Amino acid sequence: MFIQPIDYFLAVWFALAAASTLYVGFDQYRNNPEPLVMKWGFILVTLYMGPLGLLLYVLADKEPRPGEHEDFTRPLWKQGVGSTIHCVAGDATGIILAAVITATLGLPMWLDLIVEYLAGFAFGLFIFQSLFMKSMMGGTYWENVRKSFLPEFISMNFMMAGMAPVMSFLMMGRDMRAMEPTELLFWGVMSIGVIAGFTLAYPANVWLVARGLKHGLMTQRPQAAEMSSREPTAQQQHATHHARAGDDRRQGHANTSHKPKRSGHQMETDATTPQIAALGMVSVLALAIGMAAPANWLNLTLSARDVGGAIMPQGMIMGRDTPAEAMRDMAATDPHRVTASYGLAAKGDQELPFRLENGVKVFDLRPSVVRWQILPNVAVDAYAYNGQIPGPRIHIRQGDKVRIDVTNDLPEETTVHWHGMILPNQMDGPAEITQPPIEPGQSYSYEFTATQHGTYFYHPHAKPDRTQALGLYGALIIDPANPADEVQADHDYVIELQEWLVRDGLTYPSMPMEGGMPNFFTINGKAYPATDAIPMKVGETLKVRFIGTNNGFVHPMHIHGGPFEVVARDGETLPPSARFLADTINVGPGQRYDVVWKARRPGKWLIHCHIPHHTTNNNVEEKGGGGLMVVIDVG
């Protein structure tokens, strides 16, 4: 899935890794004189480490000219590379296979790490070390297991000590797609983890080779196989394989002409028991730190299934006690869930048609994921009712019997709450309290009689901090049964407010918390200068219905050109004696105010939020402002 810049980088990286692996594989089998197990070791490591694996192969192992492989690979640092390659090829293969399986099974991260360690150690010891090396080492399979156990244990500990924290912090960081084996990011993290594991394991492998406890690079010429049944000559001894430091150690490099004995490969070591024990204890300590330390910062009880490939907003603080629900709640909308795209010309708050069934007005609402243009160069991946932001206006009359059929096309559950309405409790909408949530693909019908009149709105009451913040809201306008009860004006305009958080092409639900602060603001689904212009004439009046569809912020809404009269609050018409003049009114989440403004003089008069940041677009002004601004054009 290519939805972030890192995805394109990883695509290039893996293309280079594939090309590097093809080159190493071709060159190994065509030109390089070494055993099959080392050929596959370099192929696998190049597959995991990409161009870095190719670099190691060329610098440390690729025969520069025919007949020079023995001398070329003699230096100890190259022998250490060969030993580490052998370690990484086996251990990393087991770790990666286990990571795919545990992610698929939905195991928590702490258990995932343990399974990966055991799988890596088992694959490295029983397969790559003991089985694949059996023909070279001689002896029985279980003798080779016993001889290989200690060096493999030490090497694997350092390998996992490097991989574990890398996998933990990068997989459970901001972009949780890294926990999904179907994502490029998962394999990118694995590649970085292998590189870290190789780096940490390399010094220990150099020492293990120098002390004769592990194999380094090896050379195997075709003629060696023909004479394997006879006692090797001095030349054949030199051409067989390099495995340990010997007589040349005092000259600073490993002896690469170790002689195999008739009874099987018997590596000789001069390492003392205290030296081996000390290195083993340090490897265990490194492993413990690498496996346990991430738990101080991360919630390792979570699994890939818990977070579902969620991408967190930049700056969100996630700790070891952050639950998966919070991560999913803050996560960006998945662009691949978008079912339709709407350009700048598309308008929200369009009146919703109905059909009459036995005297009941029946409306249909269908929430889904859409791409909605809020500025010429900015679109949001939003949740919308009927492909509109705001959702379509439900316009009815006091006394109407209504039914609203809601079909959920979202990737998560929802309900609808009819904000401020007096209705039967089971029609009120709170999930798990008055009704079961409407699951994806399911439908639910709300039925009630409108006993009130005024300005109301509807919004979800299942995960509203996420779903309403992503665009689920709409106006519910109820005309009075007696037209005389309506405060009249020449023009009627609804203003629905919203905040958005858009970063790196992704849309997050904006919230008043770390990482959730908004950077775009809209009136009726558009940000200035893409908002409406309201045409009027001098002397005419405008009723503005402010609806607090905003999710977590208070907006002091101000109108230029003189004061307005507040005539209704929260759907209730104020008696004439209670009405008052103002030029700014605080519209908090859920609040509604009806105000009447008179055009006293010609010109362009603003309706806007009086928090300057809320009249910018990503903190930038365009054509005099941005965000929560609408122009009243009085001619």
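This is a predicted model, so every value here is computed, not measured.
When atom types are taken as modelled, the side chain of Gln388 and the backbone of Gln350 share a donor-acceptor pair closer than 3.5 angstrom. Using a distance-only test at 3.5 Å, with no hydrogens or angles considered, a donor-acceptor pair links the side chain of Asn408 to the main chain of Ile438. In this structure, the side chain of Ser191 engages the main chain of Tyr48 through a donor-acceptor pair within 3.5 Å. Asn386 places a side-chain N or O within 3.5 Å of a backbone atom of Arg366 that can act as its donor or acceptor partner. Using a distance-only test at 3.5 Å, with no hydrogens or angles considered, a donor-acceptor pair links the side chain of Tyr446 to the main chain of Val416. For Thr415 (side chain) and His461 (main-chain N/O), a donor-acceptor pair under 3.5 Å exists by modelled atom type. In this structure, Asn550 contributes its side chain and Gln498 its backbone to no donor-acceptor pair below 3.5 Å. Formation of a donor-acceptor pair under 3.5 Å by the Asn618 side chain with backbone atoms of Val620 is not found in this model. Between the side chain of Gln468 and the main chain of Asn551, no donor-acceptor pair closer than 3.5 Å is present. With Arg393 contributing its side chain and Ala475 its backbone, the two residues share no donor-acceptor pair below 3.5 Å.
Considering only residues two or more places apart in sequence or on other chains, Phe158 meets the ring pair (Phe, Tyr, Trp, His ring centres under 6.0 Å) condition with none of them. Partners of Tyr342 under the ring pair (Phe, Tyr, Trp, His ring centres under 6.0 Å) rule, at least two apart in sequence or in another chain, are Trp372. Lys526 meets the salt bridge (Lys or Arg N to Asp or Glu O under 4.0 Å) test with no other residue; sequence neighbours excluded. In terms of the side chain to side chain contact (heavy atoms under 4.5 Å, CB included) criterion, residue partners of Asp306 (sequence neighbours excluded) are, by chain and number, Leu302, Ser303, Ala324. Every residue two or more places apart in sequence or in another chain that forms a salt bridge (Lys or Arg N to Asp or Glu O under 4.0 Å) with Asp175 is listed here: Arg177. With sequence neighbours left out, the salt bridge (Lys or Arg N to Asp or Glu O under 4.0 Å) criterion links Asp428 to no other residue. Checked against ring pair (Phe, Tyr, Trp, His ring centres under 6.0 Å), Phe186 has no partners two or more places apart in sequence or in another chain. Partners of Tyr383 according to the ring pair (Phe, Tyr, Trp, His ring centres under 6.0 Å) rule, which considers only residues two or more places apart in sequence or in another chain, do not exist here. Among residues two or more places apart in sequence or in another chain, the salt bridge (Lys or Arg N to Asp or Glu O under 4.0 Å) test is passed with Arg403 by Glu357, Asp405.
Residues Met327 and Met312 are in side-chain contact: their nearest non-hydrogen atoms beyond the backbone lie under 4.5 Å apart. Contact of the Phe198 side chain with the Leu52 side chain is not registered, since no non-hydrogen atoms from C-beta on lie closer than 4.5 Å. Residues His419 and Ile547 fail the side-chain proximity criterion, which asks for heavy atoms closer than 4.5 Å. When side chains are defined from C-beta on, Pro108 does not count as touching Leu300, because their heavy atoms never get closer than 4.5 Å. A 4.5 Å side-chain heavy-atom check between Ile311 and Leu506 finds at least one atom pair inside the cut-off. Looking at heavy atoms from C-beta onward, His459 lies out of side-chain contact with Thr467 at the 4.5 angstrom threshold. In this structure the side chain of Leu298 never reaches within 4.5 angstrom of the side chain of Met109, judged on heavy atoms. Looking at heavy atoms from C-beta onward, Leu501 lies in side-chain contact with Asn519 at the 4.5 angstrom threshold.
The shortest non-hydrogen separation linking Gly343 to Gln373 is C-CB, 3.6 Å. Scanning all heavy atoms of the two residues, the minimum distance from Pro509 to Ala469 falls at CB-CB, 3.8 Å. Here the shortest heavy-atom pairing between Leu628 and Thr615 reads O-CG2, 3.7 Å. Between Ile389 and Ala384, the shortest heavy-atom contact is CG1-CB, 3.7 Å. Pairing each heavy atom of Ala530 with each of Leu344, the nearest pair is CB-CD1, 4.0 Å. The shortest heavy-atom contact between Ala89 and Gly41 is CB-CA, 3.6 Å.
By the neighbour-count criterion of 12 heavy atoms within 6.0 Å, atom CH2 of Trp13 is densely surrounded, having more than that number from other residues, nucleotides or ligands.
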Task: Step-by-step side-chain contact (heavy atoms from CB on, under 4.5 Å) determination, Met156 to Leu125 - done: CA-CA 9 Å; Met156 175 62 192; Leu125 175 64; over 6 Å; no
- [ ] Could you walk me through whether Ile95 and Phe123 pass side-chain contact (heavy atoms from CB on, under 4.5 Å), step by step?
- [x] CA-CA 9 Å; Ile95 290 171; Phe123 194 90; over 6 Å; no
Open item on the list: Assess the residue pair Ile96 and Trp187 against the criterion (side-chain contact (heavy atoms from CB on, under 4.5 Å)); give the C-alpha distance rounded to whole Å, side-chain angles, the decisive distance to 0.1 Å, and a yes or no.
Closed with: CA-CA 9 Å; Ile96 292 172; Trp187 299 102; 3.5 Å; yes
TODO: In sequence, state the C-alpha distance, the side-chain angles, and the governing distance for Asn299 and Met318, and then conclude on side-chain contact (heavy atoms from CB on, under 4.5 Å).
DONE: CA-CA 8 Å; Asn299 187 349; Met318 294 184 293; over 6 Å; no
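Close placement of the Phe448 and Trp418 rings is indicated, their centers lying within 6.0 Å of each other. Taking the ring centroids of Phe553 and Phe521, they lie at or beyond the 6.0 Å cut-off.
Ion pairing between a basic and an acidic side chain is recognised when a charged N comes within 4.0 Å of a carboxylate O; Glu412 and Arg328 show no such pairing.
Applying the side-chain hydrogen bond (donor to acceptor under 3.5 Å, both in side chains) test to pairs two or more places apart or on separate chains, those with a residue in residues 315-327 are Asn296-Arg320.
Using modelled atom types and a 3.5 Å distance limit, the side chains of Asn205 and Ser155 yield a donor-acceptor pair. Under 3.5 Å, the side chains of Trp500 and Thr522 contain a donor-acceptor pair of N or O atoms. When only modelled atom types and interatomic distance are considered, Thr102 and Asp112 share a side-chain donor-acceptor pair under 3.5 Å.
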Output side-chain donor-acceptor pairs under 3.5 Å for residues 114-122, partner residues at least two apart or in another chain, one line each.
unit_1	atom_1	unit_2	atom_2	d
Tyr117	OH	Asn157	OD1	2.6

N/O donor-acceptor pairs under 3.5 Å from side chains in residues 163-170, not counting sequence neighbours:
unit_1	atom_1	unit_2	atom_2	d
Ser168	OG	Ala164	O	2.9

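Note that the CE atom of Met421 and the OH atom of Tyr456 stand 6.5 Å from one another [nearest 0.5 Å]. The CG atom of Asp381 lies 4.0 Å from the CZ atom of Arg371; values are rounded to the nearest 0.5 Å. Atom OG of residue Ser20 and atom CG of residue Leu54 lie 4.5 Å apart, to the nearest 0.5 angstrom. We find the CD1-CG distance between Ile154 and Leu150 to be 4.5 Å, quoted to the nearest 0.5 Å. The distance from the CE atom of Met291 to the CD1 atom of Ile289 is 13.0 Å, given to the nearest 0.5 Å. Here CZ of Arg503 is found 12.5 Å from CD of Gln4. Values are rounded to the nearest 0.5 Å.
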